[in-house]
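Note that the numbering runs from 1 along the sequence shown for the chain. Since the model is a prediction, treat every value here as computed from it, not as a measurement. No hydrogens, no waters, no symmetry mates; every other heavy atom, side chains included, goes into these values.
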Amino acid sequence: MLSVTLLLLGMLFTARGTGAQLVTQPDGHISVSEGNRLELRCNYSYGGSIYLFWYVQYPSQGLQVLLKYLSGPTWVKGIKGFEAEFKKDEKSFHLMKASAHWSDSAKYFCALCDTVSESAGGAEQKPSQTL
């Protein structure tokens with residue numbers, strides 16, 4: 001039986017001059033047996049309106065957007081069988097896949113961006129950090 005190894009990293013996109021925002025991924029590194037259900041947890045703390053994202057980085061490749069939540073239905077379907085559910089009350093956006101595959105071995109990034117108008121000065125990217 002093969003094992004799928006996933007490294008979780010958090011990213012934070014924040015608008016200059018706004019209040020504190022935090023993205024946490026409690027599981028820094030996980031292994032899942034191939035064929036088993038996969039869940040990668042992402043929690044955030046921010047009281048305003050936000051956009052949420054999951055990115056993946058496969059070995060020797062750049063970042064790809066797996067899925068994003070901008071508004072509307074709280075259940076989001078992404079590429080390669082990944083899904084996430086936005087739970088505003090729990091301040092969570094957990095990534096899930098029904099059946100993990102060895103090709104899912106990669107680095108995963110949860111990110112948020114507040115919904116700021118252009119007049120607020122734009123957005124800046126904070127460096128990612130291993131959790």
Requested in this report: Measure from the side-chain N and O atoms of Trp54 to the backbone N and O of Leu40, and report whether any donor-acceptor pair falls under 3.5 Å.
Outcome: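 Side chain of Trp54 to backbone of Leu40, a donor-acceptor pair under 3.5 Å: no, none is there.
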
How long is the span from the [atom1] atom in [X] to the [atom2] atom in [Y], to the nearest 0.5 Å?
X	Y	atom1	atom2	answer
Lys97	Leu66	NZ	CG	9.0 Å
Gln61	Lys107	CD	NZ	12.5 Å
Ser31	Asn36	OG	CG	11.5 Å

Is [Y] close to [X] at the side-chain level, that is, under 4.5 Å between some pair of heavy atoms?
X	Y	result
Tyr51	Leu112	no
Arg37	Val32	no
Gln57	Leu63	yes
Tyr108	Tyr55	no

Closest non-hydrogen atom pair between [X] and [Y], with its separation:
X	Y	result
Pro59	Ser105	CD-O, 3.9 Å
Ala100	Ser33	CB-O, 4.3 Å
Ser103	Tyr58	O-CE2, 3.3 Å

Report task. Apply side-chain contact (heavy atoms from CB on, under 4.5 Å) to the pair Leu38 and Ile30, showing each step before the final yes or no. Result -> CA-CA 10 Å; Leu38 163 65; Ile30 65 169; 4.0 Å; yes

Query raised in the report: When hydrophobic residues are tied together by side-chain contacts of less than 4.5 Å, even through go-betweens, does Tyr69 share a cluster with Tyr44?
Result: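 In one cluster with Tyr69: Tyr44, yes.
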
Report task. Answer yes if Phe109 and Leu70 sit in the same cluster of Ile, Leu, Val, Met, Phe, Trp and Tyr residues linked by side chain heavy atoms under 4.5 Å apart, and no otherwise. Result ->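 Result: yes, single cluster for both.
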
Query - Pair Ile50-Phe93, side-chain contact (heavy atoms from CB on, under 4.5 Å): steps then yes or no - result: CA-CA 12 Å; Ile50 57 171; Phe93 190 55; over 6 Å; no

Report task. Determine, step by step, whether His101 and Glu34 satisfy the side-chain contact (heavy atoms from CB on, under 4.5 Å) criterion, reporting the C-alpha distance in whole Å, the side-chain angles of both residues, the deciding distance to 0.1 Å, and the verdict. Result -> CA-CA 5 Å; His101 189 267; Glu34 187 169 19; 3.3 Å; yes

Enumerate, atom names and distances included, each donor-acceptor pair closer than 3.5 Å involving a side-chain atom of residues 71-90, sequence neighbours excluded.
{"unit_1": "Lys77", "atom_1": "NZ", "unit_2": "Glu83", "atom_2": "OE2", "d": "3.3"}

Query raised in the report: Which pairs pass disulfide (SG to SG under 2.5 Å) with one or both residues in residues 37-88, sequence neighbours excluded?
Result: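 Every disulfide (SG to SG under 2.5 Å) pair that includes a residue of residues 37-88, provided the two are not neighbours, is Cys42-Cys110.
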
